[in-house]
Amino acid sequence: MPSKYRNFRNNVPWLILFLEAVFIVLFFFSTGDASSSSISYPVFQDVNHMVIFGFGFFLTFLKRYGFSSTGFNLLIIVLGVQCSVLIEGLLAFLLQSENEDGLKRITKATVSMTAVAISTGAVLGKTNPMQLILMTVVEIMFFRMSRWINNMFLQVPDNISLMHVHLFGAYFSLAVSSRFSEPSPSSKKNASTSKSDLFSMLGTLFLWVFWPSFNSVLVVDNKTKAICNTYFALAVSAVTAFMLSVLTTKDGKFRMTHIHSAVLAGGITVTYTAHSIEYPWIAMILGLLSSVIAVLGSYCLERCLTPALKIHDTSGVHFTFGLPAVLGALAHVVLLVIRDWTNSPRLGYLVMIRIGAFCLTISVALVAGFITGLILNLKLFKTIPVSKYFEDQFYWEFPHLAVGF
Amino acid sequence: MPSKYRNFRNNVPWLILFLEAVFIVLFFFSTGDASSSSISYPVFQDVNHMVIFGFGFFLTFLKRYGFSSTGFNLLIIVLGVQCSVLIEGLLAFLLQSENEDGLKRITKATVSMTAVAISTGAVLGKTNPMQLILMTVVEIMFFRMSRWINNMFLQVPDNISLMHVHLFGAYFSLAVSSRFSEPSPSSKKNASTSKSDLFSMLGTLFLWVFWPSFNSVLVVDNKTKAICNTYFALAVSAVTAFMLSVLTTKDGKFRMTHIHSAVLAGGITVTYTAHSIEYPWIAMILGLLSSVIAVLGSYCLERCLTPALKIHDTSGVHFTFGLPAVLGALAHVVLLVIRDWTNSPRLGYLVMIRIGAFCLTISVALVAGFITGLILNLKLFKTIPVSKYFEDQFYWEFPHLAVGF
Amino acid sequence: MPSKYRNFRNNVPWLILFLEAVFIVLFFFSTGDASSSSISYPVFQDVNHMVIFGFGFFLTFLKRYGFSSTGFNLLIIVLGVQCSVLIEGLLAFLLQSENEDGLKRITKATVSMTAVAISTGAVLGKTNPMQLILMTVVEIMFFRMSRWINNMFLQVPDNISLMHVHLFGAYFSLAVSSRFSEPSPSSKKNASTSKSDLFSMLGTLFLWVFWPSFNSVLVVDNKTKAICNTYFALAVSAVTAFMLSVLTTKDGKFRMTHIHSAVLAGGITVTYTAHSIEYPWIAMILGLLSSVIAVLGSYCLERCLTPALKIHDTSGVHFTFGLPAVLGALAHVVLLVIRDWTNSPRLGYLVMIRIGAFCLTISVALVAGFITGLILNLKLFKTIPVSKYFEDQFYWEFPHLAVGF
């Protein structure tokens, strides 16, 4: 173990330094106007708050992993945002497209980073910081590539393809996670305490309150409609989460993990459609279905899929973000069909394009995740032993150890 | 106890499902324009944050009731907002009045829900979720009725009558709470730990910071004045809370419950008058008086009223919200008299109307609360035994039980 | 000890009452227009949130001092804001200068209070509330005096001199702290637990997210530029903090205190220059340097300066706020020299003026702090014994004592 530590120390800081130096050099050559912005600052602030604070505390449910959950989340988000802003600038330069203003670039980069924040959830406690950093950089690149393909070949507008972020983040991380060993089922560290669950509830409520900002941040017209629809979808999925939790647990009690995942499902499901849904009741039904899929998904996946595929998903990313996002994609297509049923000869073509875009995102995510998972498990990256999973003390100084957690 | 549980499981989810289905069907028939809004989104966000996050954590002071405090708060707020939006739509249809836009409706509904969030405090730990949900629906209806009477017969404008929300919430819940058994005085669960008090402080500071948004959300003119006056009233009541806490405790120390309740008193007292107070010093004096009434109220009520009337008020709703709101009502009338002393022949009439409006709100709250309390204690609703009061484990799965709280 | 308590009780409430009465009387004579404002409410709200909630929880890292950290922070901030608003009004009256609107005054007062919130950190756990209140009032007066001298004799604009707040707060508190006894090195109370560190992380992330608002609140032109530059500086300093923490700790792990202090350093360093930096890479290099200076500063100061000068600095104010602010001052001058190298004959004069302004602020802070420290240690103020340092129970009722912390 001492040699492990020495290696950890030998690698992580130099990797961070190398990345940061590269970023600063590239920023030196990048241009960008920061004098004004088309994004309102309070809305950027909301999204920034969600990603840094909301996701940071959303992931603190493990009893011995609070420092790493909040700390590493901050580290990879700020690295990823810089990386994402640079890639965007490079693409704008290569494609000779219009340059966006500084705040808008940061906002879009922050929205992209949701994918990484989600992915962290599936491998939470099983990766060391070096693996997390590499995963972040690779994921951001693949996500940009997937968006670029969507944009070039399927004419998906940039703002829509950015909203595939939940879908990409969830399936990328499932594929990555399939390459990591499962924790031993008897591990006592892979559990929560009531205090850690309360911290996680704090993060969840934060995300819940700010979700309408997330879904409306890049919407130009119909901003208010996007806000109202997201609110109603979230409201109904919160209500449904409580209902289903009682029905699916053994002695009819509420289960905290159901609440954590299912209350957000509605917001994720209406991501693609919030600005175009005409009536609140449609958003409400989507919220209800998303919560159903999240709670039943958690029930089924834990029983069937996970043992079969041997994919261990620490924070339930598959049913919290993956399935609701798939439902949202379906809803997007169905609503398009209903709206344009009579008056569009190109309906079939449009439907094919949309379905193609979603399938493409999922495929790129799965393939990229699988490759990333293989790379991260190279000996070079000092995979941590299963016995050290979910353990803050492996990474952080604990002078207060004697005091107890 | 097993049969109790089975009953709990048999009822709660179906009640939630029934309500949610009714809401979705009614939303199908309701109309509402969501394309733009007269409410600024950041201000709605603040109020939403207060109700979901602020009140959720404000109520986490009980040592074994953190999950229920934050979780059930979310559940009843989202149910109540939907219910309130529908009632508003129904009334607009029946009275042929102008239809408000979507975001404004949600904002007003969220403001109304403060009444329910306050009421939860008085019966915290003593009601099961089914009773809470019923109380929410009934309270929202009675509060709308009280506002409608105020509006029809006493010409109180809608925005003012909505601000009676603290008054209504406090006295409604006191009346409800008079129908519930008191916890046994030796109960160790009806207490806080330092960690739970810190979580509650977190909620309190959130509410404190956002209170100016609450008091100015529906103000059209003089928004900035409302903000400044609320800020000064809150500041002085926070200062006074610390002063009085030292003077009223036995060995001259600060008591956390005093701070929790009295720092907010100033904001509640100026609710009716924040936009019309000319000079900050008036707001400051009101803040001082409100804090005095809150701390002395807590001192007297615990000694005299509670034992006499046998009303157990878990989070001190009476002195935290009730008494400061009554003081605010008095201040509203006094300031009116001072301002219009010379130049209004109708002064007497106006004063009578205002006093009438406040008395009406309190009377409706007390009567409605008493009736609701009687209904909630019907055998049908499986009142929980006194020994199970203040206990998360009665409602939530605790796989982490062995780890300790 | 009982007599100590009696004295504590005899003094604190009357001091608070006296101050508050004076404030209300003075507000009675002060004028101010609150009908509209040049400050946007959401941005004021962010700064208010930072000072009340962010700093409150930033300081909760001591294991037995959570109540005092958050509670006393609220108390002194609200007292200080009132005091600061009054001083501003008095000066406007004396100097016959233009009167600012109500919300702008409160915002500027809140920004000033950052100095006090920072100063609290250095003497955290070692001062009683009476000393804290006196320190607040004295510090606010001296800070205003320092700004006035800067303004009168060195033509530093008001908005720039207000941003000297970190510099003033840090060096004032170091001088104050030099007059207090050091805690005994074996004291177990001067430590954190993992839960208290997590609460402190919560405050830190809050401050991190809102720092761009702080740096742009008083900027009139180039607001967006100030926001973007601050964001990049914060991002790079967060990344660097993780890197250096691994390199400087004994067994190559992350240390929480490094993260807490160094992630904010970038935001402090660009305070003076955020609105004028042309390219993000400059802000990023400043962020990197500030984080280096914060972590290395913590390393060196703890080994060399503190034992030599016998200054005990509870929350590391010197390296968290002091050194990054000095670096920011240097950067301000260097950037000025680079920009005006060729085209200004008055460059030498301008540089002298700027350096003079920073030196003046530091000097006033040190002298004022030293005097304040001497006064606070008068017998009159019942300095608390070293054995009672860092102890909530000295000031707060702990009915829940038996339950454990």
Side-chain angles (χ1 to χ4, degrees), chain A residues 2 5-6 8-10 12-14 16-17 19-20 23-28 30 32 34-37 41-42 44-45 48-49 52-53 56-57 60 64 66-67 70-72 74-75 77-79 81-82 85 101-103 106 129 195 199 202 392-400 403-405, chain C residues 40 42-43 45-46 63 188 191-198 201-202 204-206 208-210 212-213 216 221-229 231-232 234-247 249-257 259 263 278-281 284-285 288 405:
Chain A
Y5 275 138
R6 219 171 300 127
F8 176 64
R9 184 177 192 165
N10 284 349
V12 171
W14 306 119
I16 297 180
L17 183 63
L19 277 176
E20 196 51 62
F23 289 164
I24 295 183
V25 169
L26 289 178
F27 264 102
F28 179 76
S30 93
S35 56
S36 72
S37 176
Y41 175 59
F44 159 66
Q45 194 63 289
N48 193 16
H49 223 144
I52 299 283
F53 189 96
F57 280 92
T60 52
R64 295 201 179 178
F67 284 15
T70 54
F72 296 165
L74 175 66
L75 174 63
I77 297 293
V78 290
L79 273 174
V81 166
Q82 295 175 61
V85 167
D101 60 79
L103 193 56
I106 302 178
K195 282 298 170 220
F199 270 110
L202 190 151
D392 263 345
Q393 289 178 39
F394 200 61
Y395 309 112
W396 298 83
E397 282 193 340
F398 267 64
H400 28 55
V403 182
F405 210 85
Chain C
S40 113
V43 174
Q45 194 62 288
D46 286 0
K63 65 180 163 186
K188 280 182 183 160
S192 57
T193 62
S194 19
K195 283 297 170 221
S196 69
D197 265 342
L198 206 53
M201 188 69 177
L202 190 151
T204 311
L205 290 182
F206 237 81
W208 196 93
V209 169
F210 283 134
S213 304
S216 69
D221 305 322
N222 294 327
K223 236 187 167 71
T224 312
K225 206 188 263 178
I227 290 166
C228 292
N229 283 327
Y231 184 87
F232 282 119
L234 283 166
V236 177
S237 68
V239 169
T240 316
F242 280 90
M243 182 186 81
L244 289 174
S245 190
V246 172
L247 288 177
T249 50
K250 219 172 57 191
D251 47 1
K253 296 182 175 184
F254 300 107
R255 183 179 291 169
M256 213 33 161
T257 47
I259 309 302
V263 296
E278 279 300 309
Y279 306 106
W281 61 269
M284 291 166 83
I285 287 178
L288 188 138
F405 211 83

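A note on names: the letters A, B, ... follow the listed sequences, proteins ahead of strands, and every chain is numbered from 1.
- The choice from S213(C), S40(C), P212(C) that makes the most heavy-atom pairs within less than 4.5 Å of chain A is S213(C).
- Considering Y395(A), F398(A), F72(A) in turn, F398(A) is the only one that fulfils the side-chain contact (heavy atoms from CB on, under 4.5 Å) rule with F67(A).
- With a threshold of 4.5 angstrom between heavy atoms, I106(A) approaches chain C through side-chain atoms but not through N, CA, C or O.
- Most heavy-atom pairs under 4.5 Å with chain A, from the set V43(C), I227(C), D221(C): that is I227(C).
- A salt bridge does not link E397(A) to K250(C): none of the charged nitrogens lies less than 4.0 Å from a carboxylate oxygen.
- Of the atoms belonging to S196(C), not a single heavy atom falls under 4.5 Å from chain A.
- Atom-to-atom distance recorded for Q45(A):CD and Y231(C):OH is 10.0 Å, nearest 0.5 angstrom.
- Of the two parts of V25(A), neither the backbone nor the side chain holds a non-hydrogen atom closer than 4.5 Å to a non-hydrogen atom of chain C.
- Between the side chains of Y41(A) and T224(C), not a single donor N or O lies within less than 3.5 Å of an accepting N or O.
- For the set T204(C), I259(C), V236(C), the count of heavy-atom pairs under 4.5 angstrom toward chain A peaks at V236(C).
- With a 4.5 Å cut-off on non-hydrogen atoms, L202(A) touches chain C through its side chain but not through its backbone.
- Interface remark: of the candidates D46(C), L198(C), N229(C), L205(C), L198(C) forms the most heavy-atom pairs closer than 4.5 Å to chain A.
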Exercise. Please assess Y279(C) against F28(A) for the test ring pair (Phe, Tyr, Trp, His ring centres under 6.0 Å), listing each intermediate value before the final yes or no.
Key: CA-CA 8 Å; Y279(C) 306 106; F28(A) 179 76; 7.9 Å; no
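- Using modelled atom types and a 3.5 Å distance limit, the side chains of E20(A) and T240(C) yield no donor-acceptor pair.
- Under the rule for a side-chain contact (heavy atoms from CB on, under 4.5 Å), the partners of T60(A) that lie at least two apart in sequence or sit in another chain are F57(A), S69(A), T70(A), F199(A), S200(A).
- In this structure, chain A has a heavy atom under 4.5 Å from the side chain of F232(C), while its backbone stays farther away.
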